[in-house]
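The first residue of the sequence shown is numbered 1, and numbering continues consecutively from there. These numbers come from the heavy atoms of this one structure, side chains and all, not from hydrogens, waters or symmetry mates.
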Amino acid sequence: MSTRRFLLAAGLAALLIPTLGQAQDKPIKVGVTPGPHAQILDVVKQVAARDGLQIQIIEFSDYVQPNAALNVGDLDANSFQHQPYLDNQIKDRGYKLLTVAQTVVFPMGVYSKKVKSLADLPNGARIGIPNDPTNGGRALLLLQSAGAIKLNPAAGLKASPLDVTENLKKYRIVELDAAQLPRALDELDAAAVNTNYAIPAGLQPTRDAIAIEDARSPYMNILVVQEKDKDKPFVAKLVKAYRSPEVKDFVETKFQKAVATAW
């Protein structure tokens, strides 16, 4: 090889090697809510590292910020929501986000510090539900399935308190931020709480719920990325790591029947 060609090749290598190194070293940012979602993703992070994918876990205290952050590129993916919630966010906010895998389902439960069964709730009892449309509708459907109320069938998954057509015990529906509901149990007679908020508050769905959702529901949680990123290599690696035997074993061991996997 001539000296000129050698120097040219060496120069190109010097330019390429740092670039490749930076691409490999830069972690992807994945948004979650605290509790089970964060705990599961920590195991995903360990599995993904073996495949050369580094993950930085970013926790958010509510359901609104993770999609907003992902849509503007502050995150590479998020794992905290079910499909009906994402569909509603896309419709209302125009987000360019896409589901790339189903993950786990957290059956919603109704909890109370004052009664041992839903039937024991007194007339006029105050029942808390999440104040976002999809989880609020989910809570109302759970109350209906337990016989507490009846809803207008046309409301579907997006039922609101206005869709209650029968409420014989005149329950008062109180809409609060989902994350606040476990702490509000001291003031409320009961509350429908998402499992990812119930478990960190010390509530075990299969032990403590006075009514619980069937695990076979449309509320399977999902991994979400920007539409433009769906074919990027990190997405396939992230899905593979999440749906690994190690993660499945962790979920089944850690959460027992409170969380079910989609694979």
Decide if atom [atom1] of [X] counts as having more than 12 heavy atoms of other residues, nucleotides or ligands within a radius under 6.0 Å.
X: K240; atom1: NZ; result: no
X: K29; atom1: NZ; result: no
X: K150; atom1: NZ; result: no
X: K96; atom1: NZ; result: no

Using a 4.5 Å cut-off on heavy atoms from C-beta on, say whether the side chain of [Y] contacts that of [X].
X: I210; Y: K116; answer: no
X: F255; Y: I40; answer: yes
X: N67; Y: N78; answer: yes
X: F60; Y: L75; answer: yes
X: P130; Y: M108; answer: yes
X: V104; Y: Y242; answer: yes
X: S112; Y: S117; answer: no
X: P66; Y: Q81; answer: no

How close do [X] and [Y] get, counting heavy atoms only, and between which atoms?
X: Q102; Y: R243; value: O-NH1, 2.5 Å
X: A159; Y: L140; value: O-CD1, 3.6 Å
X: A209; Y: G109; value: CB-CA, 4.2 Å
X: T103; Y: W263; value: O-CZ3, 3.2 Å
X: A192; Y: A139; value: CB-CB, 3.5 Å
X: V64; Y: Q89; value: O-OE1, 4.3 Å

Let me confirm one number: the [atom1]-[atom2] distance from [X] to [Y], rounded to the nearest 0.5 Å.
X: H37; Y: F80; atom1: NE2; atom2: CZ; value: 8.5 Å
X: D74; Y: Q65; atom1: CG; atom2: CD; value: 10.5 Å
X: D177; Y: N131; atom1: CG; atom2: CG; value: 5.5 Å
X: D76; Y: I58; atom1: CG; atom2: CD1; value: 9.5 Å
X: L97; Y: D229; atom1: CG; atom2: CG; value: 10.0 Å
X: K158; Y: L141; atom1: NZ; atom2: CG; value: 13.0 Å

Q.
Quick check on side-chain contact (heavy atoms from CB on, under 4.5 Å): which of I129, L143, L121 does V110 satisfy it with?
A. L143

Q: Would you check, one step at a time, whether the test side chain to side chain contact (heavy atoms under 4.5 Å, CB included) holds for R207 with Q256?
A: CA-CA 11 Å; R207 181 193 67 208; Q256 303 298 314; over 6 Å; no

Q.
Could you go through L181 and Y111, starting from their C-alpha distance and side-chain angles, then the distance that decides it, and tell me whether this counts as side chain to side chain contact (heavy atoms under 4.5 Å, CB included)?
A. CA-CA 10 Å; L181 286 167; Y111 302 87; over 6 Å; no

Same hydrophobic cluster for [X] and [Y], using side-chain heavy-atom links shorter than 4.5 Å among ILVMFWY?
X: V193; Y: I127; answer: no
X: V32; Y: V259; answer: yes
X: I90; Y: V225; answer: no
X: F250; Y: I55; answer: yes
X: F234; Y: V100; answer: yes

Keeping the roles fixed (side chain from [X], backbone from [Y]), state whether a donor-acceptor pair exists under 3.5 Å.
X: K230; Y: L98; value: no
X: Q54; Y: K26; value: no
X: R126; Y: D189; value: no
X: N194; Y: N196; value: no

Q: Please check if any side-chain donor atom of N88 sits under 3.5 Å from a side-chain acceptor atom of T134, or the reverse.
A: no

Q) Quick one: do the E59 and S61 side chains pair a donor with an acceptor below 3.5 Å? A) no

Q. Given L157 and R138, is the side chain to side chain contact (heavy atoms under 4.5 Å, CB included) satisfied, shown in steps?
A. CA-CA 6 Å; L157 298 180; R138 181 182 186 180; over 6 Å; no

Q | Verdict with reasoning, L151 to V164, per side chain to side chain contact (heavy atoms under 4.5 Å, CB included) | A | CA-CA 4 Å; L151 299 166; V164 176; 3.8 Å; yes

Q. Do Y197 and Y63 have ring centroids that are under 6.0 Å from one another?
A. yes

Q. Salt bridge or not for D186 and K113, using N-O below 4.0 Å?
A. yes

